[in-house]
Amino acid sequence: MTQGEELNELLQVRRDKLDQLREKGVDPFGRKFERTHTAQAILDAFDHLSKEEIQEKNQPAVIAGRLMSKRKQGKASFAHLQDQSGRIQIYVRKDEVGEEQYETFTSADLGDWLGVSGTVFKTNRGETSIKATEITFLSKSLRPLPEKFHGLKDVELRYRKRYLDLIMNPEVKETFLTRSRIISAMRRYLDEQGFLEVETPTMHTIPGGAAARPFITHHNALDIDLYMRIAIELHLKRLIVGGIERVYEIGRVYRNEGISTRHNPEFTMLELYQAYADFHDIMDLTESLITHIAQEVLGTDTVQYAGHTVQLGQPWARKHMADLVKEHTGVDFRREMSDEEARRLADEHGVEITPAMTFGHILNEFFEQKVEEKLIQPTFVYGHPLEISPLARKNEEDPRFTDRFELFIVGREHANAFTELNDPVDQRERFEAQVREKSQGNDEAHPMDEDFLEALEYGMPPTGGLGIGIDRLVMLLTDSASIRDVLLFPTLRDQG
RNA sequence: GACCCAUUAGCUCAGUCGGCAGAGCACCUGACUUUUAAUCAGGGUGUCCCAGGUUCGAAUCCUGGAUGGGUCACCA
């Protein structure tokens, strides 16, 4: 709503009440207020006691919150105040707070912020409440809240005006509290394991470390285009070269691609690198990290997601991509196979491919189209083909594959990791192959990065690396169907 | 990017065959000192998403557009 807009009756009434408050000498946008309790703290301490026990204690309390309901009954009223912890009922009597304050209270609108001093008591109907001795007006709400019973359902409004969603839908607040706890548990765990948290640039001169289309921006003073990072990888590996042996970053990355229930243009990744480790060590780490987080945040290693019961208790299945494809389609990609034969097999099994695809791409398509969605329980899928893994070390026994894994849970990728490629000559060849792919039309192929190659040439120790999509992990642990339900302000079109 | 669905009061939603724009909550006036989706009496507050078209007449039918949701595609 804009400044010039005519105020409808509901808005006008509230503005009139604002003026009336000022006329009475009440500041409608008050000041600092000291409380003694949150709503939940009072319920925790008193709700289990009887009406008489509470009365004996005669416990004073000062609370504050947003007025969410009001039941006026002549010279006394009931109402609920909501603070971050929850809701608590207040009971306001004219003969207790005086005529002036009672007037202020009864003319308050749902949505106004009030402070209440009083004593804890329990009503005849058994609800622990505060009997007010003093009402302090804290802040005026000039707009009506969504309907008190049905709440805010409109999905678009919930995302655009998340504050209303948080006010009206308690489970939304719970989801974001859980998100915060997940990230904090993750940090604590990694810190305890000796990992150093760092911050690296989010604006890159070369968009690398993943296969994705970047956002482009421009720096005026330097007159150069910069890319919003699509991964954290290459900077963290430079730090491994620099001798930091265990390093991680939890940060935003940006990919200029489609939006869906599982994709937001900006999302949060954990990336970590551990010197002297390989991808088997990283599997162990991933398993214990996620199980630990679930235990610490949810108190269980069993989670419900979209009707599935997911067992996060160790150990998780570890399967070679080619073996999984063989299991589900009968096609054996472990044996020698020409690109032509792979294409023919794709055709026979109804796997869609593009003409430029070779053996490794086709194996990956088999996996994505025939296997991926079936992996409900945590499964480490390893041995990704060389063609789609330009930053991972080749497998020693079969160089068509790499020492890479992805973690699948409920049919979705939750982590991506590998034994890092630390041979600068091999790395240069991989980049060159990617550049060839790019020239053949794959606009998500990895660009050449000379500065990164130079770092590798100084020597990088054998290293294991890991990336975890935090948003998807939060979705899994909060049973959220859409990524928008775990992002406070998901990307939406500008409404103008 | 393709397809399907939705858009009516501040919010949640009805709206029949094309015939005066509706309900509940919220809000306003009054009653009510342990209520709790408080109750009782009275009051309807609107760019029916937008722009065209058909029609005596459109929230309703047609065309185009906007926004959102879902599915698919792409990806994490």
Side-chain angles (χ1 to χ4, degrees), chain A residues 1 5-14 16-17 51 68-80 87-97 102 106-107 109-111 121-129 131 141-161 164-165 167-168 209-213 230-231 253-271 352 354 368-369 372 388 406-408 412-416 442-444 467-473 475 481-484 490 492-496:
Chain A
M1 196 153 316
E5 189 172 338
E6 216 168 299
L7 299 179
N8 74 26
E9 187 198 326
L10 274 72
L11 300 184
Q12 191 54 54
V13 162
R14 287 180 180 233
D16 292 346
K17 286 183 177 176
K51 185 171 161 71
M68 296 303 291
S69 67
K70 199 170 67 169
R71 294 173 291 283
K72 189 185 168 192
Q73 215 172 313
K75 297 184 181 64
S77 297
F78 288 91
H80 276 98
R87 287 185 186 190
I88 190 159
Q89 181 168 261
I90 59 170
Y91 177 48
V92 187
R93 293 169 60 112
K94 193 174 185 173
D95 57 11
E96 289 278 347
V97 300
Y102 192 69
T106 54
S107 63
D109 289 306
L110 299 190
F121 80 111
K122 197 169 247 184
T123 65
N124 292 338
R125 304 288 287 269
E127 179 164 353
T128 302
S129 310
K131 187 181 289 183
S141 165
L142 294 177
R143 289 175 181 275
L145 289 174
E147 201 243 357
K148 66 179 178 184
F149 188 61
H150 294 95
L152 185 67
K153 293 270 178 59
D154 184 310
V155 181
E156 180 181 359
L157 274 181
R158 286 187 47 225
Y159 296 149
R160 284 197 194 279
K161 303 185 191 298
L164 292 179
D165 195 24
I167 293 166
M168 301 310 298
R213 288 203 301 274
I230 58 173
V253 298
Y254 307 85
R255 298 189 183 177
N256 203 344
E257 287 165 353
I259 293 182
S260 78
T261 50
R262 292 173 301 284
H263 302 86
N264 196 66
E266 53 179 309
F267 60 104
T268 303
M269 288 261 295
L270 160 73
E271 285 199 32
E352 286 180 37
T354 61
E368 288 188 358
Q369 294 177 40
E372 192 175 296
I388 60 162
E406 290 178 299
L407 169 64
F408 287 88
R412 289 179 196 162
E413 183 188 339
H414 279 77
N416 181 24
N442 180 357
D443 56 5
E444 289 177 3
I468 292 179
I470 303 271
D471 311 280
R472 289 197 179 169
L473 179 62
M475 286 171 70
S482 170
I483 196 169
R484 297 185 197 98
L492 299 174
R493 210 178 294 256
D494 185 22
Q495 221 174 16

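The structure presented is a predicted model; accordingly, all values stated were derived computationally and were not measured. The analysis underlying the following values was restricted to heavy atoms, covering all of them including side chains, and did not include hydrogens, waters or symmetry mates. Convention: sequence-line order gives letters A, B, ...; per-chain numbering from 1.
Applying the salt bridge (Lys or Arg N to Asp or Glu O under 4.0 Å) rule to A:Glu96 yields no partners; only residues at least two apart in sequence or on another chain are considered. Legend: residues meeting side-chain contact (heavy atoms from CB on, under 4.5 Å) with A:Thr354, ordered by chain and number and at least two apart, are A:Met357. Every residue meeting the salt bridge (Lys or Arg N to Asp or Glu O under 4.0 Å) condition with A:Glu266, not counting sequence neighbours, appears here in chain and number order: A:Arg252. Evaluation of the salt bridge (Lys or Arg N to Asp or Glu O under 4.0 Å) rule for A:Asp16 yields no partner, not counting sequence neighbours. A:Glu444 pairs by the salt bridge (Lys or Arg N to Asp or Glu O under 4.0 Å) definition with A:Arg213, not counting sequence neighbours. In this view, A:Glu406 and A:His384 satisfy the side-chain hydrogen bond (donor to acceptor under 3.5 Å, both in side chains) rule, not counting sequence neighbours. Every side-chain contact (heavy atoms from CB on, under 4.5 Å) that A:Pro144 has, sequence neighbours left out, goes to A:Leu10, A:Leu11, A:Arg14.
Comparing atom distances between the A:Arg255 side chain and each of B:rU35, B:rG69, B:rA76 picks out B:rA76 as nearest. In this structure, of B:rC13, B:rG68, B:rU36, it is B:rC13 that holds the atom nearest to the side chain of A:Lys153.
Residue A:Glu444 is classed as a sugar-phosphate contact, given heavy-atom separations below 4.0 Å to backbone atoms only. Nucleic acid contact class of A:Asn264 (heavy atoms, under 4.0 Å, all strands): base. Contacts of A:Thr261 with the nucleic acid, taken as non-hydrogen atoms under 4.0 Å apart, involve only primed sugar atoms and P, OP1 or OP2. Residue contacts shown for A:Gly151 are limited to sugar-phosphate atoms, with no base heavy atom under 4.0 Å away. Residue contacts shown for A:His414 are absent, as no nucleic acid heavy atom lies under 4.0 Å away.
Atom CZ in A:Phe408 sits about 10 Å away from atom C1' in B:rA76, given to the nearest Å. Distance CG (A:Leu492) to P (B:rG69): 6 Å, rounded to an integer number of Å. Rounding to whole angstrom units, CD of residue A:Glu352 and P of B:rC74 are separated by 8 Å. One atom, CD1 of A:Ile259, and another, P of B:rU67, lie 12 Å apart when rounded to the nearest Å. Between the CZ atom of A:Arg143 and the P atom of B:rC11 there is a distance of 10 Å, given to the nearest Å. The distance from atom CG of A:Asp154 to atom P of B:rC11 is 8 Å, rounded to the nearest whole Å. One interatomic measurement links the two molecules: CZ of A:Arg262 to C1' of B:rG69, which rounds to 14 Å at whole-angstrom precision. Following rounding to the nearest Å, A:Leu157 (CG) and B:rU7 (C1') show an atom-to-atom distance of 11 Å.
Looking at which nucleotide of RNA chain B each of A:Phe267 and A:Ser260 is closest to, the 5′-most match is held by A:Ser260. Toward the 5' end of RNA chain B, the nearer of the two residues A:Glu127 and A:Gly258, judged by each one's closest nucleotide, is A:Glu127.
Comparing B:rA6 with B:rC62, their P atoms sit 12 Å apart, to the nearest whole Å. Going from the P atom of B:rU12 to that of B:rC3 covers 29 Å, rounded to whole Å. Here the separation of B:rG68 from B:rC25, taken at their P atoms, is 33 Å to the nearest Å. With both ends at atom C1', the span from B:rC40 to B:rG15 equals 29 Å, rounded to whole Å. Taking the P atoms as reference points, B:rA14 lies 12 Å from B:rA9, given to the whole Å. Taking the P atoms as reference points, B:rC61 lies 11 Å from B:rU7, given to the whole Å. The P atoms of B:rU33 and B:rC13 are separated by 37 Å, rounded to the nearest whole Å. Comparing the same atom, C1', in B:rC20 and in B:rG24 gives a spacing of 23 Å after rounding to whole Å.
Using bins of under 30°, 30° to 60° and over 60° for the plane-to-plane angle, the ring pair A:Tyr91/A:Phe78 lands in the parallel bin.
Remark: A:Arg412 is not in phosphate contact with B:rA76, judged by side-chain N or O atoms under 4.0 Å from OP1 or OP2. Under 4.0 angstrom from either OP1 or OP2 of B:rG69 there lies at least one side-chain N or O belonging to A:Arg484.
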Could you run down the sub-3.5 Å N/O contacts of the protein with nucleotides 22-26 of chain B?
{"from": "B:rC25", "atom 1": "O2'", "to": "A:Glu147", "atom 2": "OE2", "distance (Å)": "3.4"}
{"from": "B:rA26", "atom 1": "OP1", "to": "A:Lys148", "atom 2": "NZ", "distance (Å)": "2.8"}

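Atoms OG1 and CD1, from A:Thr268 and A:Ile468 in turn, are 13.0 Å apart once rounded to the nearest 0.5 Å.
For A:Lys70 (side chain) and A:Leu110 (main-chain N/O), no donor-acceptor pair under 3.5 Å exists by modelled atom type. Proximity of a side-chain donor or acceptor of A:Lys72 to a complementary backbone N or O of A:Thr106 within less than 3.5 Å is not detected. A donor-acceptor pair under 3.5 Å links the side-chain atoms of A:Arg255 to the main chain of A:Ile230, judged by distance alone.
A 3.5 Å limit on both hydrogen-bonding distances identifies B:rC62 as the Watson-Crick or G-U partner of B:rG52. Using Watson-Crick or G-U wobble geometry with both donor-acceptor distances under 3.5 Å, B:rG1 finds its partner in B:rC72. When Watson-Crick and G-U wobble pairs are counted only if both distances are under 3.5 Å, B:rU35 pairs with no nucleotide at all. Nucleotide B:rA9: unpaired (no Watson-Crick or G-U wobble partner with both distances less than 3.5 Å). Under the Watson-Crick and G-U wobble criteria, each requiring two contacts below 3.5 Å, nucleotide B:rG57 is left unpaired. Under the Watson-Crick or G-U wobble criterion, with both distances below 3.5 Å, B:rU45 is paired with B:rA26.
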Taking protein heavy atoms under 4.0 Å as touching, what does nucleotides 28-34 of chain B look like 5' to 3' if B marks base contact, S marks sugar-phosphate-only contact and - marks none? S---BBB
